[in-house]
Chemist: 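Pasting a structure below so you can have a look.
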Amino acid sequence: MLVTLKQILQPAMEQGYAVPACNIDNEHNLRAAIEAAEEMHTGIILNTTPIANPDLVTFGKLAVDLARRARVNIALNLDHGKSFADCLLGIQAGYTSIMIDRSTLPFEENVKEVKEMVRICHALGISVEAELGHVGTGEQYDIDGHQAFTQVEEAKAFVEQTGVDALAVAIGTAHGVYKGKPEIHYDILHALHEALPIPLVLHGGSGTGDENLARCAREGIHKINLSNDLKRSAIQNLIKEDLSGNAVYQLYPLLAEGFKDKIKHYIRLFGCEGK
Ligand code: CO
Ligand code: CO
């Protein structure tokens with residue numbers, strides 16, 4: 001069933017677990033992610049960045065159709081809409097949630113642009129996720145990993161002023177592959193979780209480590225974004241095969257199997273199996 005981000009995160013907030021948000025961009029990983037969720041009897045969030053598929057509107061037709069036919073709840077989220085046009089593309093593609101990323105702008109401008117997107121999306125029955133503080137890249141973790149954390153008072157004002165449905169927070173994770181060891185600031189997470197009435201989102205789940213992610217899922221994060229780890233698992237499942245034989249004809253099924261296995265691992269880890 002196709003649902004909004006708000007609908008899928010409501011029970012996660014009430015019962016205290018996190019839902020994996022898996023980056024998908026083609027028919028194979030889309031189907032693999034839905035199968036993983038169905039086999040684990042849980043809802044799931046599917047993320048697509050505007051640049052991940054060259055024709056998001058066409059891809060969106062397939063994603064919407066498969067999500068509607070799924071036996072579990074599926075929310076389709078446009079990940080990191082960095083411009084007004086990106087966000088509208090997600091709406092046009094049929095996504096039920098838009099993540100508007102204005103985290104590099106000054107606070108007031110971030111508020112202004114997010115508020116505008118909330119007005120548009122809520123009129124259409126679509127959820128909105130925004131980001132406050134800034135989650136940087138793993139390549140620059142020595143710098144990005146230790147600055148631009150989300151401030152509690154600012155976050156409270158941001159949520160009140162924008163009416164946003166979910167908030168991506170900066171507590172020490174980073175996008176892509178970490179250079180160095182990730183350090184999660186649980187004190188900031190606890191303070192944000194205590195202060196904010198909406199679900200918190202963790203970007204840069206890949207490479208953060210099972211122990212950290214399980215703890216985040218228990219202690220206040222309700223959506224965890226995953227991309228690199230899933231792709232890596234897909235590739236590893238392919239290259240373990242003897243590629244001089246018939247395995248080459250199984251290219252896409254092998255990638256999908258590795259992708260799916262890792263999603264199931266995270267569903268168990270985040271406590272949402274059967275939810
Ligand atoms: Co909570
Ligand atoms: Co992100």
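For ligands, and for the atoms within them, numbers begin at 1 and follow the listed sequence. By convention here, the first residue in the shown sequence is residue 1.
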Chemist: Got a sec, which pairs hit ring pair (Phe, Tyr, Trp, His ring centres under 6.0 Å) with one end in residues 23-72, sequence neighbours left out?
Modeler: H28-Y252
Chemist: Is there a side-chain contact between E241 and Q250 (heavy atoms, below 4.5 Å)?
Modeler: no
Chemist: Is any side-chain heavy atom of I184 less than 4.5 Å from a side-chain heavy atom of T173?
Modeler: yes
Chemist: If you count the non-hydrogen atoms of other residues, nucleotides and ligands that lie under 6.0 Å from CG in D187, is the total more than 12?
Modeler: yes
Chemist: How many protein N, O or S atoms sit closer than 2.8 Å to the Co ion (ligand 1)?
Modeler: 2
Chemist: Run the side chain to side chain donor-acceptor pair (under 3.5 Å) test on H175 and N225 for me, step by step, so that the C-alpha distance in whole Å, both residues' side-chain angles and the decisive distance to 0.1 Å come before the verdict.
Modeler: CA-CA 9 Å; H175 290 106; N225 284 14; 5.9 Å; no
Chemist: Does a side chain donor of either H80 or N47 reach within less than 3.5 Å of an acceptor in the other side chain?
Modeler: no
Chemist: Could you list the residues that satisfy ring-ring contact (aromatic ring centres under 6.0 Å, His included) with H222, not counting sequence neighbours?
Modeler: H193
Chemist: Which count of protein N, O or S atoms is obtained for distances strictly below 2.8 Å from the Co ion (ligand 2)?
Modeler: 3
Chemist: Do the ring centers of H134 and H203 come within less than 6.0 Å of each other?
Modeler: no
Chemist: Side chains of T208 and Y178: donor-acceptor distance under 3.5 Å anywhere?
Modeler: yes
